[in-house]
Amino acid sequence: MRPVTPPAARTALVALAALATLTACGGSPAADSAAARDGGGAKGTVTIRIPDPGNAGVLARGKKDGSLDKALAAVGAEVAWTGSAGPFAPAAQAMNADRLDIATGSITSGITSLSQSPGFVFFTATAPDPVGEGILVREGSDIDSVEDLVGRKVAVNKGGTGEYLLLKALAKAGVPADKVERVYLRPDQTAAVFNAGQVDAWAVWSTYAVAEIGSGKAHFLADGTAIGSDNYSLNAVRSGFVKEHPEVVEALYAYLHEHSAKEKRDPAAYLNVFTDAGPTAVNGKAKEVQIDFTAKSGTVDPIRPGDIKRFETVAGFYADQKVTPNKVDIAAHLLDIEKLS
């Protein structure tokens, strides 16, 4: 695999050492934090805290079949499932407070979290989703183009993927952002508002779009490709953890890289991992939609020079759109996973 060679990437490890001093401890003594990391299993075993993956995806399957445990055991580590996967902003806060070691989020939500005092760095990149993210409208809507959003209400998650997708789509269409009303809502609370007609559209990603499209009640007005999205998915690691246990982060990366490629080849095998019934299961048309989205998605890869340029473009766009007060120096918070050891 090609190494990352630009100056920004080469300085990531230096920045990492400085970042480690910024990691908040949430009021817990250092000894207690060390016990939480290293005292979860056999003597000398390192515990890595990761949000529970739920019922789908690479980590869910790895949790069920034991392959993740095996990969981590090879480097003297074990996983502790902490809470559940969700928006990146609270996960970033948990890493800053030494309550979490790994989290997944978009570059957009990552940038807004980095605009504060981060205690984490990003170590993987997954290419923007070409078909699974975009702006949803209800079937039968009279909104046929991005220009038709003028004077309408669009649900977005503040500072994250939704707000980015909407602003990016408007900019590409030459529509001033203030001509469209942004309604800030949590993604997990938006479906009911959207389906009740209280907003006219919803800028969202596959986690929530699949159910809406699968129900036959909504479709994308514009998807990631049409919008020209640079919304990468990234994995972040707590700065103190990677400084102390680089071999564990390398092992986790290798696992994610290998198994994300397998998931792309056989998406159905990574759905309904623990149950095929209930609210966490995906069935019927929604399952077909999810399989199609995953087959066209990217894999977990190292952060390449070209990725960094696109990250910086997003950071500049967010500053121009006043989502962040200034342009975030994203390159200072990236880790070259291939040069970690």
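In what follows, every heavy atom counts, from backbone to side chain, and hydrogens, waters and symmetry copies are set aside.
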Output field: ring centroids Phe194/Tyr208 closer than 6.0 Å: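 Ring-ring flag for Phe194/Tyr208: false, centres at least 6.0 Å apart.
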Yes or no on side-chain contact (heavy atoms from CB on, under 4.5 Å) for Asn231 and Ile107, after CA distance, side-chain angles and deciding distance? CA-CA 6 Å; Asn231 187 39; Ile107 183 61; 3.8 Å; yes
Looking at [Y], is its backbone amide N or carbonyl O close enough to the side chain of [X] to form a donor-acceptor pair, meaning the two atoms are under 3.5 Å apart?
| X | Y | answer |
| --- | --- | --- |
| Asp223 | Val131 | no |
| Asn55 | Phe274 | yes |
| Thr124 | Leu234 | no |
| Asn96 | Gly119 | yes |
| Asp276 | Asn272 | no |
| Ser215 | Glu212 | yes |
| Lys264 | Ala295 | yes |
| Ser109 | Phe88 | no |
| Tyr164 | Asp230 | yes |
| Asp69 | Gly66 | no |

Hey, could you give me the CE/CZ distance between Met95 and Arg49, rounded to the nearest 0.5 Å?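 The distance works out to 11.0 Å.
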Can you tell me how far CD of Glu181 sits from CG of Leu166, rounded to the nearest 0.5 angstrom?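 It comes to 11.5 Å.
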Does a side-chain N-to-carboxylate-O contact under 4.0 Å join [X] and [Y]?
| X | Y | result |
| --- | --- | --- |
| Asp292 | Lys296 | yes |
| Glu288 | Lys285 | yes |
| Lys70 | Asp65 | no |

Pair Phe311-Thr313, side-chain contact (heavy atoms from CB on, under 4.5 Å): steps then yes or no: CA-CA 5 Å; Phe311 296 170; Thr313 297; over 6 Å; no
Does [X] share a hydrophobic cluster with [Y], counting links as ILVMFWY side-chain heavy atoms below 4.5 Å and allowing steps through other members?
| X | Y | value |
| --- | --- | --- |
| Leu170 | Trp202 | no |
| Val183 | Leu136 | yes |
| Leu340 | Val46 | yes |
| Trp205 | Tyr318 | no |
| Ile337 | Val300 | yes |

Are the side chains of [X] and [Y] in touch, meaning some heavy atoms are under 4.5 Å apart?
| X | Y | answer |
| --- | --- | --- |
| Ile303 | Leu335 | no |
| Pro246 | Val249 | no |
| Arg186 | Asn157 | no |

Could you walk me through whether Val154 and Asp200 pass side-chain contact (heavy atoms from CB on, under 4.5 Å), step by step? CA-CA 6 Å; Val154 182; Asp200 301 291; 5.8 Å; no
Can you list the steps and then say if Phe122 with Tyr232 is a ring-ring contact (aromatic ring centres under 6.0 Å, His included)? CA-CA 11 Å; Phe122 294 108; Tyr232 281 74; over 10 Å; no
Does any donor atom in the side chain of Ser106 or Thr161 lie under 3.5 Å from an acceptor atom in the other side chain?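 There is such a pair (donor and acceptor under 3.5 Å, judged by atom type) between the side chains of Ser106 and Thr161.
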Take atom NZ in Lys153; do more than 12 heavy atoms of anything else shown fall under 6.0 Å from it?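 Result for NZ/Lys153: open.
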Salt bridge (charged side-chain N to carboxylate O under 4.0 Å, His left out) assessment of Glu163 paired with Arg182: CA-CA 8 Å; Glu163 187 162 29; Arg182 278 169 268 175; 2.7 Å; yes
For Val199 and Ala155, work out which heavy atoms get closest and say how close.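 Smallest heavy-atom distance, with atoms named: CG2-CB, 4.1 Å.
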For a side-chain contact (heavy atoms from CB on, under 4.5 Å) check, start with the C-alpha distance between Thr190 and Tyr184, then their side-chain angles and the critical distance, and finish with the verdict. CA-CA 9 Å; Thr190 305; Tyr184 293 119; over 6 Å; no
Can you tell me which residue among Ser206, Ser233, Ser229 is in a side chain to side chain contact (heavy atoms under 4.5 Å, CB included) with Asp129?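 Output: one option passes, namely Ser206.
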If the test is side chain to side chain contact (heavy atoms under 4.5 Å, CB included), which one of Ile227, Ile135, Ile213 qualifies with Phe220?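 Considering Ile227, Ile135, Ile213, a side chain to side chain contact (heavy atoms under 4.5 Å, CB included) with Phe220 is found only for Ile213.
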